[in-house]
There are 2 protein chains.
Amino acid sequence: MFSKACEYGIKAAIFIAVNSSENNRVSPKEISEEIDSPQAFTAKILQALVRNHVIKSVRGAHGGFEIAKDKIATTKLSEIVYAIDGDGIYKGCGLGLHTCNENHPCPVHDKFKVVREELREMLENTSLEQLALDIKAGVSFLKI
Amino acid sequence: MFSKACEYGIKAAIFIAVNSSENNRVSPKEISEEIDSPQAFTAKILQALVRNHVIKSVRGAHGGFEIAKDKIATTKLSEIVYAIDGDGIYKGCGLGLHTCNENHPCPVHDKFKVVREELREMLENTSLEQLALDIKAGVSFLKI
DNA sequence: TATAAATAGGATAAATTTATCCTAAATAAA
DNA sequence: TTTATTTAGGATAAATTTATCCTATTTATA
Ligand code: FES
Ligand code: FES
């Protein structure tokens, strides 16, 4: 469904949100250990999230990754997915036609569109805050 | 969402269904032209569909690929997706945890599960016959 | 039986995604 | 200002997916 990069990006963002809510910056090393992902690859994904203004990085001693507290509640999963995987999952044809077009639909267009919209709404309505709270409460998990 | 192989496999199966309903066997060459896919790669995917008993192949002169007429109505998209991409899309964790487990859920489990079930139901309730009829009627398309 | 037509399948290559390594640049603090 | 720490980013490699090529096998028919 999502690329590995996107899976890592989502989990990393949640972990950063958990920590930023406690005024704690985190490093790629900590992140990759907590979400069980390859460190250098994860660092690349974090760069992409920084470039797309999803998270913030602070270089140098005492640096690390963080999310502004007021952004935790407003940042939606869709922004992370969009920053890493692009909008193909929202807009692309399920059978790979060049464009998904009502006037030139693929065989599954009507049915696929419904599922795709459901996914889009889910991603657009789910905030980092919601997900981070569950991690804090110990009712959801980032690895294994 | 689906792999290229799976996209080609679905489109190929629909095209074969359209032709088998008119007692017409088709070759990888015809198929790949009609669905705009690489011929040799498409041939491999057709082999997989034959091995999984989704379609039937007839070797030798006057051979080609076909689907038994009575299978066109009973064959669901889910069988094709399963034969090519496996069950990851139905059962796998959206964030890549080793297993999707109610008792050890990832942060998006509850929300993701809903979308995944919707997709599964769509695939399990959509038959090749429905899709082939739209192609025949010229209201849906296999390429461009 | 010989030939032509057609799928099966092995070997290989290209492209993309995933992953690693090393150095540069920035920053805080001694 | 020097040093230690930390992210940025280029280069490269490994793994996977996608794609191609060639030969083997099967089958209908002349
Ligand atoms: S045309 Fe294929 S999903 Fe819309
Ligand atoms: S545990 Fe991630 S989707 Fe169920």
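All values below come from the heavy atoms of this structure, side chains included, with hydrogens, waters and symmetry mates left out. Residue numbering restarts at 1 for every chain, and letters A, B, ... go by the order of the sequence lines.
Toward the 5' end of DNA chain C, the nearer of the two residues B:Lys44 and A:Ala5, judged by each one's closest nucleotide, is B:Lys44. Comparing A:Thr42 and B:Val26 by the nucleotide of DNA chain C whose heavy atom lies nearest to each, the residue mapping closer to the 5' end is B:Val26.
Computed from coordinates, the B:Glu30 CD to C:dA5 C1' distance equals 13 Å when rounded to whole Å. Taking atom CD1 on B:Ile45 and atom C1' on C:dT7, their separation rounds to 15 Å, with Å as the unit. Rounded to whole Å, atom C1' of D:dT6 lies 13 Å from atom CD of A:Glu66. To the nearest angstrom, P of C:dT20 lies 15 Å from NZ of A:Lys29. Rounded to whole angstrom, the span from the CD1 atom of A:Ile31 across to the P atom of D:dA8 amounts to 10 Å. Atom pair A:Gln47:CD and D:dT7:C1' shows a separation of 8 Å (rounding to whole Å applied). Between B:Glu7 atom CD and D:dT17 atom C1' there is a gap of 13 Å when expressed in whole angstrom units. Following rounding to the nearest Å, B:Phe2 (CZ) and D:dT18 (C1') show an atom-to-atom distance of 18 Å.
Phosphate proximity of C:dA6 to B:Ser57: absent, as no side-chain N or O sits under 4.0 Å from OP1 or OP2. Residue A:His62 places at least one side-chain N or O closer than 4.0 Å to OP1 or OP2 of C:dA29.
Closest to the side chain of A:Ala40, out of C:dA8, C:dT27, C:dT20, is C:dT20. Taking every side-chain heavy atom of A:Phe65 into account, D:dT7 is the closest of C:dA8, D:dG10, D:dT7. The side chain of B:Tyr8 lies closest to D:dA19 when the candidates are C:dA5, D:dA19, D:dA8. Closest approach to the B:Phe41 side chain among C:dA19, D:dG9, D:dA19 is made by D:dA19 (side chain taken as heavy atoms from C-beta onward). Closest to the side chain of B:Lys4, from the set D:dA19, C:dA8, C:dT27, is D:dA19.
Taking 4.0 Å as the cut-off between side-chain N and carboxylate O, A:Lys29 and A:Glu33 count as a salt-bridged pair. A salt bridge does not link B:Lys76 with B:Glu124: every distance from a Lys NZ or Arg NE/NH1/NH2 to an Asp or Glu carboxylate oxygen is 4.0 Å or more.
The shortest distance between side-chain heavy atoms of A:Lys71 and A:Ser20 does not fall below 4.5 Å.
The residue B:Arg51 sits close only to the backbone: its heavy atoms come under 4.0 Å of sugar-phosphate atoms, none of a base. Here A:Gly60 lies in heavy-atom contact (under 4.0 Å) with a base.
The side chain to side chain contact (heavy atoms under 4.5 Å, CB included) test with B:Ile80 singles out one residue from B:Ile55, B:Leu123, B:Val54, and that residue is B:Val54. Evaluated for a side chain to side chain contact (heavy atoms under 4.5 Å, CB included) with B:Phe65, the options B:Asn19, B:Leu49, B:Ile16 yield exactly one hit, B:Ile16.
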